[in-house]
Amino acid sequence: MDLRYPAEIDAHLTYAALDAVRAVLTAGDLRIEGTLDMADSFGRVTFRTSNALPPREVVGAHVEYIFEGQRWAFTTWLISAENHRRWQLQRPRIVHALETQSIQAA
């Protein structure tokens, strides 16, 4: 099941952000772990990381995360970077469900 409608994508990303899901952002040879922050009314999603990001020109990014036992992914564009720890990403047009995974509580 892929998510294709802006309101559906915003709701999904907002709930994932509220659950503070771990996400991996890949851009070229750069791979960064962090969390998603809530989507806003301007069609942006924030990716936060505790590690300082190297200053590079990044245009496109791929993000993967697990939410409610399902693995999800989207590709999007970088809008801006703040302090190399917060990236503003454009709301993805499609969020793909990759595969079902059973997540066991630790």
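Just so you know, these numbers come straight off a predicted model, no measurement behind them.
- If you chain together hydrophobic residues whose side chains sit under 4.5 Å apart, Ile94 and Tyr5 never meet in one group.
- A side-chain donor-acceptor contact under 3.5 Å links Asp2 to the backbone of Ala97.
- Within the 4.5 Å cutoff, the side chain of Leu36 has heavy atoms near those of the Phe47 side chain.
- Linking Ile, Leu, Val, Met, Phe, Trp and Tyr whenever their side-chain heavy atoms come within less than 4.5 Å leaves Leu25 and Ile79 in two separate clusters.
- Follow the hydrophobic side-chain contacts under 4.5 Å out from Leu30 and you reach Phe74 in the same cluster.
- With rounding to the nearest 0.5 Å, the separation of CG in Leu78 from CD in Gln90 is 10.5 Å.
- For the pair Thr35 and Arg22, the minimum side-chain heavy-atom distance is below 4.5 Å.
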Would you mind writing out the side-chain donor-acceptor pairs for residues 60-67 within the sub-3.5 Å range, not counting sequence neighbours?
{"from": "His62", "atom 1": "ND1", "to": "Thr75", "atom 2": "OG1", "distance (Å)": "3.3"}
{"from": "His62", "atom 1": "NE2", "to": "Glu64", "atom 2": "OE2", "distance (Å)": "3.0"}
{"from": "Glu64", "atom 1": "OE1", "to": "Arg71", "atom 2": "NE", "distance (Å)": "3.2"}
{"from": "Glu64", "atom 1": "OE1", "to": "Arg71", "atom 2": "NH2", "distance (Å)": "2.9"}
{"from": "Tyr65", "atom 1": "OH", "to": "His12", "atom 2": "NE2", "distance (Å)": "2.7"}

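- Applying the side chain to side chain donor-acceptor pair (under 3.5 Å) criterion to Arg4, with sequence neighbours excluded, gives no partner residue.
- Side-chain N or O atoms of Thr26 include none that pairs as donor or acceptor with a backbone N or O of Arg31 at under 3.5 Å.
- Panel note: side chain Arg85, backbone Ser50; a donor-acceptor pair is recorded below 3.5 Å.
- The hydrophobic clustering, which links ILVMFWY residues whose side-chain heavy atoms are closer than 4.5 Å, places Leu98 and Val24 apart.
- When side chains are defined from C-beta on, Ile32 counts as touching Trp87, because their heavy atoms get closer than 4.5 Å.
- Side-chain contact between Pro92 and Leu13 is present, with heavy atoms from C-beta onward closer than 4.5 Å.
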